[in-house]
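Here is the structure we will look at.
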Amino acid sequence: MIVRILGEGRYDVPEADMPAIEQLDAQLTDAMDREDEVEFDSSLADLVGQVRRSGVQLAADDLQTSGLVVPHEGSSLAEVRTLLNEGA
Amino acid sequence: MSSVMKRLSGIVQAKANKALDKAENPADMLDLSYEKQAENLQKVRRALADVATAKKRLELQAAELQAQASKLQDQAKQALAQNREDLAREALSRRSGLADQLTELGTQHSQVEAQQQQLETTATRLSTQIEAFRTKKETLKASYTASKAQASIGEAVSGISESMTDAGMTLQRAQDKISQMQARGAAIDELIDTGALPDALGGAKDDIQAQLDATSQTGQVDSELAALKAELGSAAPAAGLPGASPGAESTGPADPSAPAGGGS
């Protein structure tokens, strides 16, 4: 699965590592639903770290599209909420 | 409710597709897309210059506030030396206000650095990607009549369009942060300008310095006055015996003989 971290680039993550990433994505989503900023910040940092660790960064001249997108590193809950509302 | 990563992916794809809808035939799509990429790269580079300016400004403001804080510290010492505890207290309390501002500036500075880092990464990757796209574009255009090529064009354009969308979102985020900081920076400048914070160079607006100077002047006047009093004080006993001291002085040498004469 190709995962994009906004402002950073795309990573090719092996399918075997996807459950760990999905788990962190669920934590992030839960933190956002509960408006828990502390939990949100730490889940996002963990998620960004996990994608970087398990994935291989695609070369900049590769033009493949991604299947999942991680918010910018260090984004606040409010910022991500605004981004998600843009599509609503 | 879908997860954050899935929803965000949907938004990025939607934005990327929206950017594509404008072109009608594949060849135009390639050229338009390329032009747009070049424009976006320019925007990212301009934003990088803005970030550098914002960072510099924060550094200058921090240096100025730091200088004012040291000055207030000196003034507090001076005030205590002059027994003006009230002034020393005032100086220290203003200094503590500055310390809060400095902490805030420090936080902003690290935020600006993070933005700078992300934009630099974006600019570097984008420029490589655009170059790769340009090469691919010419190859695809040369053979785009083949139905297979149409699909390849679609993929390449979608790929670059997604990256453009990411760059656009990163740019927007950086610009939002910069304008927040500019607003806050302007407020600090205004605070410095209106003298709500004492002038670093000790201008007329620096009331603590004015009071210290006044106290110091008063102190000087007091000590001169005391010196004068002392001078007058030493002359006073002499004035109380007019003629006595000149007489004593003139008869001084005769004194030993006088008591002797008086005694005999």
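Lettering follows sequence order; numbering is per chain, from 1.
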A:D25 side chain to B:M5 main-chain N or O, any donor-acceptor pair under 3.5 Å? yes

Does a sphere of radius 6.0 Å around CZ in A:R34 hold more than 12 heavy atoms from other residues, nucleotides or ligands, not counting ones at 6.0 Å or beyond? yes

Taking CD in B:E59 as the centre, count heavy atoms belonging to other residues, nucleotides or ligands within less than 6.0 Å. Is the count above 12? yes

For residues 48-58 of chain A, which residue pairs pass the salt bridge (charged side-chain N to carboxylate O under 4.0 Å, His left out) check, not counting sequence neighbours? A:E8-A:R52, A:R52-A:E73

Which bit of A:D30 comes within less than 4.5 Å of chain B, counting heavy atoms only: side chain, backbone, both or neither?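 For A:D30, neither part sits under 4.5 Å from chain B.
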
Tell me which of these, B:K136, B:R173, B:Q117, has more heavy-atom pairs under 4.5 Å with chain A than the rest. B:R173

Which donor-acceptor pairs under 3.5 Å do side chains of residues 39-46 of chain A form with protein atoms, sequence neighbours excluded?
unit_1	atom_1	unit_2	atom_2	d
A:E39	OE2	A:S43	OG	3.4
A:S42	OG	A:E39	O	3.3
A:S43	OG	A:E39	O	2.8

Listed partners of A:Q23 passing side-chain contact (heavy atoms from CB on, under 4.5 Å), at least two apart: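 With neighbours one apart ignored, the set is A:Q27.
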
Partner chain B: residue of A:M32, A:E22, A:Q57 with the largest heavy-atom pair count (under 4.5 Å):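 Highest number of pairs under 4.5 Å: A:Q57.
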
Part of residues 121-131 of chain B lying next to chain A, heavy-atom separation under 4.5 Å: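 Listed by number, the contacting residues are B:T121, B:T122, B:R125, B:T128, B:Q129.
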
Which distance, rounded to the nearest 0.5 Å, do you find between the [atom1] of [X] and the [atom2] of [Y]?
{"X": "B:I160", "Y": "A:T65", "atom1": "CD1", "atom2": "OG1", "value": "12.0 Å"}
{"X": "A:E79", "Y": "B:D176", "atom1": "CD", "atom2": "CG", "value": "7.5 Å"}
{"X": "A:L84", "Y": "B:S2", "atom1": "CG", "atom2": "OG", "value": "9.5 Å"}
{"X": "B:Q13", "Y": "A:S66", "atom1": "CD", "atom2": "OG", "value": "5.0 Å"}
{"X": "A:R4", "Y": "B:E162", "atom1": "CZ", "atom2": "CD", "value": "4.0 Å"}
{"X": "A:L6", "Y": "B:T170", "atom1": "CG", "atom2": "OG1", "value": "6.0 Å"}

Closest heavy-atom contact between A:G67 and B:S9? O-OG, 3.1 Å

Would A:T29 and B:R7 count as having a side-chain donor-acceptor pair, cut-off 3.5 Å? no

